[in-house]
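Worth knowing before you read on, the calculation uses all heavy atoms, side chains too, and leaves out hydrogens, waters and symmetry mates. Note that the structure is predicted; figures quoted are calculated from it, not measured.
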Amino acid sequence: AMRLLLVVGVVGALVAPPTIRMSAPRRVSRAPQMCICVDCALVERCTAYHVVEAKHGQPHLTTSPDFTPREGSPTVQILYFNGTAEAELDVCACADFVEEKGRWRRMMPRGTLLKAGFDPDTFVPT
């Protein structure tokens with residue numbers, strides 16, 4: 001199960017998929033990080049990233065990811081936006097992270113982004 005880290009104040013409830021274990025919310029003073037998955041060699045195979053894609057409303061790299069990170073990993077930061085019930089999930093640490101800069105961009109087919117209504121030349125995964 002993923003560990004969740006709340007980085008900003010809670011203003012709404014997050015309904016988590018059953019594969020995510022949530023701990024008590026807490027404030028963290030450090031600045032939010034971008035999701036590290038976009039630079040991971042396992043991004044298109046990862047079940048944890050598949051959850052992040054769904055939460056962000058982004059097209060999936062695959063419909064059937066076949067890699068599950070080890071128990072207790074990854075750590076996910078949740079950003080709650082003031083005045084809304086919107087939340088953003090970003091993986092900020094993972095015991096199974098294998099760095100490969102730009103992997104997400106290379107794996108996402110242009111046609112998939114176009115079909116989802118995104119400009120493939122300017123789209124940046126969140």
Side-chain angles (χ1 to χ4, degrees):
M2 291 188 278
R3 288 182 294 153
L4 300 179
L5 172 66
L6 180 64
V7 219
V8 182
V10 177
V11 295
L14 173 70
V15 178
T19 56
I20 297 178
R21 181 183 66 230
M22 294 183 71
S23 57
R26 61 187 173 118
R27 283 189 184 269
V28 177
S29 59
R30 70 174 184 254
Q33 299 173 296
M34 186 177 96
C35 187
I36 65 171
C37 298
V38 298
D39 291 323
C40 181
L42 302 170
V43 67
E44 77 278 8
R45 298 182 50 214
C46 185
T47 56
Y49 185 69
H50 199 78
V51 171
V52 172
E53 287 174 315
K55 177 61 186 155
H56 285 252
Q58 293 180 183
H60 290 292
L61 289 172
T62 182
T63 55
S64 53
D66 63 358
F67 172 76
T68 300
R70 67 188 88 174
E71 182 67 29
S73 190
T75 299
V76 176
Q77 68 181 358
I78 304 174
L79 301 173
Y80 283 95
F81 300 99
N82 290 330
T84 73
E86 278 297 306
E88 179 176 323
L89 285 94
D90 287 315
V91 173
C92 58
C94 182
D96 295 300
F97 178 77
V98 178
E99 186 173 22
E100 185 178 324
K101 293 281 187 195
R103 175 72 177 191
W104 184 95
R105 187 167 290 285
R106 286 191 300 281
M107 296 309 299
M108 178 56 76
R110 287 181 63 84
T112 301
L113 287 173
L114 287 169
K115 185 177 176 182
F118 297 108
D119 178 348
D121 296 322
T122 60
F123 180 76
V124 176
T126 54

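Taking CD1 from I36 and CD from Q77, the interatomic distance works out to 10.0 Å, rounded to the nearest 0.5 Å. Considering CG of D39 and CH2 of W104, their distance stands at 11.5 Å, rounded to 0.5 Å. For the atom pair R110 CZ and D119 CG, the distance stands at 7.5 Å (nearest 0.5 Å). Going from atom CD of Q58 over to atom CE of M108 covers 7.0 Å, rounded to the nearest 0.5 Å. The CG atom of D90 lies 4.5 Å from the NE2 atom of H56; values are rounded to the nearest 0.5 Å. Note that OG of S73 and CZ of F97 are 11.5 Å apart. Values are rounded to the nearest 0.5 Å.
Neither L42 nor V52 shares a network with the other; the hydrophobic side chains, linked directly or stepwise wherever heavy atoms of I, L, V, M, F, W or Y lie under 4.5 Å apart, form separate groups for each.
When R106, M107, H60 are each tested for a side chain to side chain contact (heavy atoms under 4.5 Å, CB included) with E44, only one passes: M107.
Between T47 and P69 the shortest heavy-atom distance is OG1-CD, 3.8 Å. Closest approach of C94 to V91, counting heavy atoms only: CB-CG1, 4.4 Å.
Remark: the backbone N or O of C37 is not paired with any side-chain donor or acceptor of R103 at under 3.5 angstrom. A distance-only check finds a donor-acceptor pair linking the side chain of R70 to the backbone of A95 [under 3.5 Å].
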